[in-house]
Structures are given as structure tokens and as C-alpha cells.
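Both counts, for ligands and for their atoms, begin at 1 and track the order of listing.
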Amino acid sequence: MFQKHKGLDIVVEIGGITTFQEAMQLFENKLDETNLSRIQKITHPEVVIKIANSIAMCKPDAIFINTGSDSDKAYIRKMALQKEEEKKLPMPDHTIHFDLKDEQGRIIDRTFYIANEGEDISSLANKMDRPEALTDIRDKMTGIMQGKTMIVGFYSRGPAGSLASNPALEITSSAYVSHSAEILYRNGYDVFDKEVDRLGHFYTNIHSEGLNRPEDLPNARVYMDRSFQTTYSFNCTYAGNTLLLKKGNHRFSVDRSVYEKRGNELAEHMFITGINGTGGRITWCAGAAPSGCGKTTTAMAGNHFVGDDLAQMWIDENGSIRSINPECGIFGIVEDVNWEGDPYLMKLLREPGTEVIWSNVLIDENGVPQWTGNGEPLPQKGRNFQGEWTKGMTDEHGKEIPMSHPNSRCTLTSSALENYSDFAESPKGVETRVITYSGRDSNTMPPVWVATKPDHGVVIGACIVSAATATEVGATGVKRSPWANAPFIPGSLADYLDAQFKFFENKQIAKDKIPVMAGLNYFLTHEARGGSSKKLLGEKKDVKVWLAWLERLAHNEVSAIQSPIGHLPKFDDLCRLFKSIVDKEYTQELYIKQFSLYIDNIVARIDMQVQAYAKEPGISEKLFDILKDQKDGLLALKTRYGSVVTPTQLEESQD
Ligand code: SPV
Ligand code: MN
């Protein structure tokens, strides 16, 4: 079991500053008058000591204390341009940032949890013992900011005053990282002391890009110290490796929910969005999907956008599940973002008026960002993640180099979105009635299925699978992707699973507020249902219908067909929703393809999950029992109807 404050706090060990007075003395020696007066407003001893030690370790030439004012933001933007971490584009307030050619995603092979003796670390992650990590960080981070300016930023991960928010420091020599933090998170300089007092803790992130040379990339590292809620990262620039306010701190929040708030809080890799229902009601939905599986698009399909990546949840005194987004901006994948599927996002990307940092897209000859799947005429050349690019160009293995990297992204503030909800800024969060789990699954599960009970919902989350995406360097094949959160679960999956059961089965959740928990899959192909093409059976916009159906189900306005994997929608309801929401004629033929159960595929999937979970120590028997019941039910259906069972047969089997 992991413990806070165990072992040495590495930055304190290296920096050597242990008292408030020593910290203040260091500030007086190192900071100019303006910055000194700024840091003196921060009085929480632990915070001050962390910052002082970061300075003592990294040895920057100058220190900039960012208060989040308009002029500070402008200063950081200017610095990013001066250092050429970003370049101006012709569109006002748009810039482009390129990461190193071989650092286009999270470097999971160089990412480590710092472990104390005897601590359980997720079987899916790397760990390094504390003494070894101390040596490495001392070697690589001592003096890493010589010749550079350190920017110190204070943030609130979530609306200030919320029960599930977390204060966090982002300390970096990269103006791009700091600029991104200003767009994606709420600056909390003015409230930081108060928030640390209220919540009793804070996260620290220390980063330097180093010399930002390809040859240093093998020595890039991302470390998470769970005991001291501190991250260290160096020699890298991709935001997933550097802006550890995001997934680095999400990992600490997962720890908090599993080990400190078990059964009462969750920290999930989920979007949050509101769906319009009948009579003007809004039903809030949170959904998990692995990176690169359309989470942003799904969030955007809602009528009231709150977030596209992370959710902090808790149960309030009225028995409802509340969710907040720790972020206030989007670091979204742009591949396949186009006017048809993502009009709100496209407006911000293609029309002036919003600050956008582009990363790793192609910049064409006119200085316009271009990316695969944008639905626009294709450029013949330009500059992309690997340098000058011309159409048809191949890499050293003879493989065609794509115009834009599949993990190309845009960074922008959510408040610019037309469908951004005012509720996103409420410390009370939004009442969450629908929870979805999805992944890239081309041949097995139907577009939507609903758990009959919360523990079955937890198992849907546990059993997400997905084809590999470009967000992790070197990932290939089909992978299990538990809750789409596995890369960010520091401890054992057994503990996490237990925390899920305890949360969703918590008796404090009011009977009429128990969430609808569903699997979603919009990646079924024609090929998998008797056709010959690899094209998707549905369209991107169909997700609005699946969400709307879940919305109606949450308010008991539709009924469902029972099956061993859960409840499935009825044709007539879908037909009506397709017509009214996306103006499409939904056919019986498509319905049968999408909602017939392909028993052999599903059973193979269950077997795969059972085998994998059997290898994890301490997994609750409940998971195996639920999967066994599902399998038995499916095999009984197979005996009666054969290996493909239609919705009509499912209904008949209930009689
Ligand atoms: C993801 O990959 O899930 C992201 C971007 O949202 S990263 O910051 O790399 O985590
Ligand atoms: Mn993500």
C-alpha cells in the first residue's frame, strides 16, 4: 500500500532547503524586486519550500513568478516566440509548436513511478526505486535551467472552492509549457494559499526541456513521485510528457480517490457534456475513452460542453454524483476534425478570434495549419513534425510520411466554444446521470449497451479494449484499456477496481440518481458484419443519437431489450431519435447489423478479460462472477439461435 510523505522528498534532498526562512533568503538572493514581491504573497511554508528547492536544483538565470494577469500571459507568449518554441502564424493569435520528430506522444518507456520499498505499482507501468530516481534526477536536473528563465505558475485543477479541485504548481523553463498551462488550467495565484489550506495538499510539477535536442531524447524522463505528489520531467517537450499538470497530476488524483477517498470520489479519464432532453432538461454525461478514440468529438456532440479529457467526481449530500473538469481548455487531437463532424471546434480553428497553439500539424505554404481528415483540399508540401514535407515522401523504412502526425493537436480555451456551459465553472459541478465507456472495437460490441446494475457498469469499464493509437510512442495492436484510465493508475488494478465498486455501489447515491452506465462503440465496420469494406457502419454524428437514447433511458422514457451483456435499444426508439436529432432514416437492416450479438466474438473477448484479470493479484471475485454469468447467458443463446443472435430473437428469448 502506498503512503504519502514516505522516504526522501527528492527536490528537497537535492535543493537542501528545509525552512521557510531559508526559502525566503534564497528568493531575496535570486529574484528581482518585482518577482520577489510576487512570491512574498505566497505564504504557505510547504509551497514556498518546494519552489525554493526547485530553484536551488535547476539553477535558472532568472525567475518569473506568473500571477496570471493579462500582462503576465502576454509576457509568456512573447517569450515562447522569442525562444522559438512557438512560431507565429498568419491567423491572429495562432502559433505553431513542433515537438521533436521522435517525441510525438507520451514516452511511456521513459516514464516511471518512483517507488518506496514494498509498494504496489500498477503492473502496466514502469517503476524506479527512490534511491535510483534520486541519483538520476540529481544528475540530470541539477543546473538544467542554467541560461534559462524559470516560470513559476500557480493553478487550480478545477473551479476554486470545489470539493474535488486540487491546487498545483507548474514550474518550467519552457514558455510553451507555461503558455499551454495558462490556456488549459485556471490560474490560481490569488487563491493558492487559501486553496492549499482548504484542501490540505498541492501538487508540484518541475520540468525543463533541457537543450531540446534529438540526441538527448534517450535521456528524457518523466517521473511521478506519489509520496510527495511531485513530478519531474526533462529533455522533452510534448505536452503529455511536460505539462504534468495534466496526466501527471491526474495520476495523483487517481491515488487520492483510491487510497484517501475510496467510495466517495473518483478521478477519471472522461469527458463531461450535457445533453438536452425533453421539457428543457439537461442531462449530464461523463464518458471514458482511451486517448485517440474520439473523446473530444463525443464531448462536443453534447449541447453543453464541460470538458473533453478529465473528470473529478464525488457524491454530494443529496445523493447525486457530481463532476467537475479539472481543466478549462482543450488539448485536442485534430485528425479527422472537420466541419461536418465538429463544427464548433472548426470555427475556432479556422476563424480568427481565439488563441490557438497548434502542435505537429502541417503548416502549408500559406502558413495555414493542415491535418489529415480536415475535409479540405490537400496541400502538396509544407513543414510538419519531421521538417520539410512533400506529398508522397517516405521515411527510412520506405513508409509514406503522413501530412500531419496522427497525434497533432490544438490547444485552446474552452470558453471560446459556442457550446461551453456556464456550469463548467461551478464549484458544485454537474449532476452526472449517464456514464459511458468506449474504445476502438471494430468487430465485437454493439454501438451501445447498458449495465443492468452499477457493478455491471463497473465491469463494462474494466473491460474496455481498444486498437492502439498514436498518443503513445511505439504502441501497436489491440490492447485492454481498463476504464481508459490504465496508463494513469499508479497502484494496483485490484485497488482501483475495488474503488470503482465502492463508489458506484455507495448507498449514499439516491435511488433515482443511480447513473445509467453504458458501453459505447462507434468503430464497428462493414467488414465485421458481412460486408467487405473497412468503413465504419455508422457515422460520427450518430453518437448524438446514442447519447440521446441514454438520456431518455435515464429518465425512463424508453424501454430496452434485455440481453446477457445488458440492455439494448429498441428499433422504433432509435428510428425516431435518428430522424429528430440527425435527420437520418435509420433502417432495420442497419439496426440488425449493429445490434445483433456476435456471440463468438463477445465470448472470446470475455475469455481474454478473464485470463488477463486472473493474472492480477487481488481482483474482486465479483468481476469474474459477472463475466461468467454473461458468458453462460451468451452460450445459452448460441445453443438456441446459433452464433449470431438478432434483437428480435433476444426479445423472443425473454418470453
Ligand atoms: C491523452 O493522450 O490522453 C491526452 C494527451 O489527453 S496527454 O497529455 O498526452 O495525456
Ligand atoms: Mn487524455
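Taking a cutoff of 4.0 Å between a charged side-chain nitrogen and a carboxylate oxygen, Arg186 and Glu425 qualify as a salt bridge. The pair Arg605-Asp441 meets the salt-bridge criterion, with a side-chain N (NZ, NE, NH1 or NH2) lying under 4.0 Å from an Asp/Glu carboxylate O. With salt bridges taken as basic N to acidic carboxylate O contacts below 4.0 Å, one links Lys83 and Glu209.
With ligand atoms numbered from 1 in the order given, ligand 1 contributes 6 (O) to contacts under 4.0 Å with heavy atoms of Asp309. Ligand-side atoms of ligand 1 in range of Lys247: 1 (C), 3 (O), 4 (C), 5 (C), 6 (O), 7 (S), 10 (O), range being under 4.0 angstrom from any heavy atom. Residue His269 approaches ligand 1 through these ligand atoms, each under 4.0 Å from one of its heavy atoms: 3 (O). Each of the atoms 1 (C), 2 (O), 3 (O) of ligand 1 lies under 4.0 Å from some heavy atom of Ser291.
The closest donor-acceptor contact from the side chain of Asp342 to the backbone of Val337 lies at 3.5 Å or more, if one exists at all.
Looking at Lys246 next to ligand 1, no N or O pair under 3.5 Å apart turns up.
Residue Asp309 approaches the Mn ion (ligand 2) most closely through its N/O/S atom OD1.
Contact annotation: Lys247 places an N, O or S atom under 2.8 Å from the Mn ion (ligand 2).
If you check the side chains of Asn249 and Asn205, you find a donor sitting under 3.5 Å from an acceptor. Checked by atom type, the side-chain pair Gln229/Asn166 shows no donor-acceptor distance below 3.5 Å.
The shell of residues lying under 4.0 angstrom from ligand 1, judged by heavy atoms, excludes Lys295.
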